[in-house]
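Quick notes on the structure that follows.
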Amino acid sequence: MPELRMHERARVCKKTLLCAFSAPDAYKKTRRTVRIGAGKKSEEVNAPNTANAWNVNMNNGNVNNNNKTNNNYVWPVRSGERYPLFSLERLYLAYEACRKRKRSTMNAIAFESRLFEELVSLRDELVSGNYQPSRSVCFVVQKPKMREIIAADFRDRVVHHLIVCELEKIFEPAFIHDSYACRVGKGTHAAVVRAQKFMYLCQRREKAPVYYCHIDIRNFFNSVNKNILYGLCAKKITDCEVLRLLHILIYHNPTRQCVIKGKPPAQCLPTHKTLFNAPKNVGLPIGNLTSQFFANVYLNELDQYVKHELKCRYYIRYCDDMLVMSTSELYLALVREKIRAFCRDRLQLGLNPRTGNVKKVSSGMDFLGFIMRPHYRLVRRRSVHALYEKIENFLRGAESDYNGAKVMWYDHQAIDRIRSVMASYFGHFKWADTERLKISLFVKFPLLNEYISLNGEKLGLCVKRLRYSDSVYAQYHYYQAMFKDSVLFFKVGSFCEFYSKVQESAELLGLRIRKKGKMQFCGFPLGSWKKYAKLLFYQNIPIVFIDETGSRKGRVIERLPIAKLYAA
């Protein structure tokens, strides 16, 4: 296997794993139609007559031969689950979930190159109880606000996906409907839609002005008490293997032997904002899937209290952000104080003093990136300004001056990146009333129209690659149709050549027309481009430079626009 390439090794490993996961031969045989005695067949899924049937054990393939020759039905028997928690199949499924959108990272590539060995090693460690998390990576992010991120190694993230998948079966039925963080079918946008629905329903039913109280827990992840968290998990979980692994994951200190990238958190963040200064057995690392799920387990106690003790009908929680609505200001103030007391006494948490004010819904509710009123939603200004900043950074290097002329550069990788960034923001914007906002972007940044096109909800590229070409002439005509009002300086080897409007180009630039078969063309040496560019520049005719990339797309070398020169 060492001589195979990485992706081939991955395919071989996957095939080996799938063979290892297949059921015993006895199981396969019992799945087929079995002829018994005088022509009877076991075709029904649930055989009606099980008396004196012979048994096949699905775990080891052992067959009970008692009464094997009678005319009754085959009755397969299996003891326990088909795949235990730490089986190779479960680990492989956890690996597939873990690698989504991260397959190009170095850790994922290294893990995949030794996939079978890594999964077997991980399985053995988990079964024997010798598993210990590897060292984490710590760094500080600046936006949307400064935070310390401690990310586990890829190998440990596979274990996180494995255990969270198991815990979801236990805890999901216990969670309230209006908890929206890190749950399948939920998320920020679903929470925003639900909040706006609550605003409308509360206003329509009560026929009175609606108020809301937005509550936030202060420094939540760095304040979670691990003893309380483990106690909450132990109430619901009876499997010793799961509890043992949970104890390792919960009480693991990720700051030990942690690799710090960039500036140390102590230099960037206040003392209470970093896990390096947290007390013993307090705090969860931001950046792990388990931390997000443990947050739901921890705050589920608060959810149950608010819904069943305080009887709050209009209540939504997304991680540590809570929203309560009512037509009574006094009631909301009372609910806020009771939540504060519950968090302090039962969960050892405190509320953010900057939140919790009771306000009118009609003045606009700022929640999860949107400003909401009963009948419309707007995007928060911070999100819009973040997009403005990214577009400005792109356009800053897209245009430059050259001897009194303007040069517009076509950096195709940068264009693809800004299109992807805008598409992600537009995906967020579509959950609000933002039609005018999208159009205003192209008015505010007119140069953006040269690179990106807006067609309804879709963002397209103004300069598209020619995916396949069977001739140089086809390439030329493709780009000439794209830049109709410009003259192409089309590179062919060490020359710039013209293949359409040959007569006009020759007269305009003073070139001699040549023939190649039935095709007419004209051109000039590449080193003389400045001389001919001046002739066009004085006549206010834009020039587009088409360069060779060196790679082949079809039968000929691929060519792409690299710059557009025009009068300022």
Side-chain angles (χ1 to χ4, degrees), residues 397-416 418-419 446-453 455 460-568:
E399 193 176 46
S400 60
D401 295 326
Y402 179 78
N403 291 340
K406 288 285 185 181
V407 181
M408 188 168 63
W409 300 99
Y410 295 105
D411 184 346
H412 296 276
Q413 290 185 350
I415 295 170
D416 288 339
I418 193 62
R419 177 176 170 270
L447 187 59
L448 193 63
N449 291 280
E450 299 288 338
Y451 301 101
I452 309 294
S453 63
N455 184 13
L461 296 174
C462 294
V463 179
K464 298 179 181 178
R465 291 170 178 260
L466 181 59
R467 294 299 178 187
Y468 178 86
S469 177
D470 58 355
S471 68
V472 175
Y473 309 113
Q475 286 181 338
Y476 186 93
H477 287 289
Y478 176 80
Y479 289 118
Q480 186 64 72
M482 188 177 296
F483 302 99
K484 295 179 181 178
D485 301 327
S486 304
V487 173
L488 301 187
F489 277 15
F490 190 82
K491 183 181 177 183
V492 181
S494 58
F495 289 85
C496 286
E497 297 183 354
F498 304 86
Y499 300 105
S500 67
K501 300 181 180 178
V502 178
Q503 191 72 33
E504 296 177 16
S505 301
E507 292 177 0
L508 194 63
L509 300 173
L511 299 173
R512 185 160 60 92
I513 298 176
R514 301 174 181 272
K515 286 188 177 182
K516 188 175 182 181
K518 295 182 179 180
M519 178 65 66
Q520 289 186 339
F521 70 98
C522 62
F524 57 83
L526 192 61
S528 306
W529 72 269
K530 291 183 181 179
K531 167 188 170 183
Y532 295 102
K534 284 182 181 179
L535 294 175
L536 299 173
F537 178 73
Y538 291 133
Q539 299 180 56
N540 202 22
I541 300 174
I543 305 166
V544 176
F545 296 87
I546 310 293
D547 195 14
E548 297 174 345
T549 64
S551 62
R552 289 186 176 273
K553 295 287 185 180
R555 297 182 181 179
V556 297
I557 296 174
E558 182 187 30
R559 291 175 174 83
L560 289 174
I562 59 169
K564 183 177 182 179
L565 183 72
Y566 57 96

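We count residues from 1, following the sequence as given. Since we're looking at a predicted model, the values are computed, not measured.
Under the 4.5 Å side-chain criterion, counting only non-hydrogen atoms from C-beta, Leu461 is in contact with Ile415. Side-chain contact between Phe490 and Val472: present, with at least one pair of heavy atoms (C-beta onward) separated by less than 4.5 Å. Using a 4.5 Å cut-off on side-chain heavy atoms (C-beta onward), Leu488 and Phe483 make contact. Side-chain atoms of Phe537 and Tyr532, non-hydrogen and from C-beta on, never get closer than 4.5 Å to each other. Two residues are said to be in side-chain contact when any heavy atoms from C-beta on lie closer than 4.5 Å; Leu565 and Leu536 fail this criterion. Leu560 has its side chain within reach of His412: a pair of non-hydrogen atoms, C-beta onward, lies under 4.5 Å apart. Looking only at side-chain heavy atoms (C-beta outward), Leu508 and Leu535 stay at 4.5 Å or farther from each other.
The nearest pair of heavy atoms linking Cys462 to Asn449 is SG-O, 3.2 Å. Taking every heavy atom of both residues into account, Ser486 and Gln480 meet most closely at O-NE2, 3.3 Å. Taking both residues in full, the closest heavy atoms of Ser505 and Cys522 are given as CB-SG, 4.2 Å, listed atom of the first, atom of the second, then distance. Contact record, Pro542 with Tyr566: CB-CB, 4.1 Å, taken as the closest heavy-atom pair.
Between the NZ atom in Lys564 and the CD atom in Glu399 there is a gap of 11.0 Å [rounded to 0.5 Å]. The distance from atom CZ of Phe524 to atom CG of Leu509, rounded to the nearest 0.5 Å, is 7.0 Å. We find the NZ-NZ distance between Lys530 and Lys534 to be 8.5 Å, quoted to the nearest 0.5 Å. A distance of 4.5 Å separates SG of Cys496 from CG of Leu526, quoted to the nearest 0.5 Å. Of the inter-residue distances, the one linking Ile452 atom CD1 with Leu447 atom CG reads 11.0 Å to the nearest 0.5 angstrom.
By the 30° and 60° cut-offs, the orientation of the rings of Tyr476 relative to Tyr499 is perpendicular.
Gln475 places a side-chain N or O within 3.5 Å of a backbone atom of Ile557 that can act as its donor or acceptor partner. In this structure a side-chain-to-backbone donor-acceptor pair under 3.5 Å is present from Ser471 to Ala474. In this structure a side-chain-to-backbone donor-acceptor pair under 3.5 Å is missing from Glu497 to Phe489.
At a threshold of 4.0 Å, the pair Asp547-Arg559 does not count as salt-bridged, since none of the basic side-chain nitrogens sits closer than that to a carboxylate oxygen. The pair Glu558-Arg465 meets the salt-bridge criterion, with a side-chain N (NZ, NE, NH1 or NH2) lying under 4.0 Å from an Asp/Glu carboxylate O.
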Exercise for the section: Report the C-alpha distance between Asp401 and Val407 in whole Å, list the side-chain angles of each, state the deciding distance to 0.1 Å, and finish with yes or no for side chain to side chain contact (heavy atoms under 4.5 Å, CB included). Expected result: CA-CA 6 Å; Asp401 295 326; Val407 181; over 6 Å; no
Practice task
Run the numbers on Ile546 and Lys491 for side chain to side chain contact (heavy atoms under 4.5 Å, CB included), then give the verdict.
Solution key: CA-CA 6 Å; Ile546 310 293; Lys491 183 181 177 183; over 6 Å; no
Practice task
Run the numbers on Leu448 and Glu450 for side chain to side chain contact (heavy atoms under 4.5 Å, CB included), then give the verdict.
Solution key: CA-CA 5 Å; Leu448 193 63; Glu450 299 288 338; over 6 Å; no
Problem - Residues Tyr479, Leu466; criterion side chain to side chain contact (heavy atoms under 4.5 Å, CB included); working and verdict - result: CA-CA 9 Å; Tyr479 289 118; Leu466 181 59; 4.1 Å; yes
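Ring centroid separation for the pair Trp529 and Phe545 comes in under the 6.0 Å cut-off. Taking the six-membered ring for Trp and the full ring otherwise, Tyr478 and Tyr468 have centroids separated by 6.0 Å or more. Taking the ring centroids of Tyr410 and Tyr451, they lie under the 6.0 Å cut-off.
Within 6.0 Å of CG in Asp470 there are more than 12 heavy atoms belonging to other residues, nucleotides or ligands.
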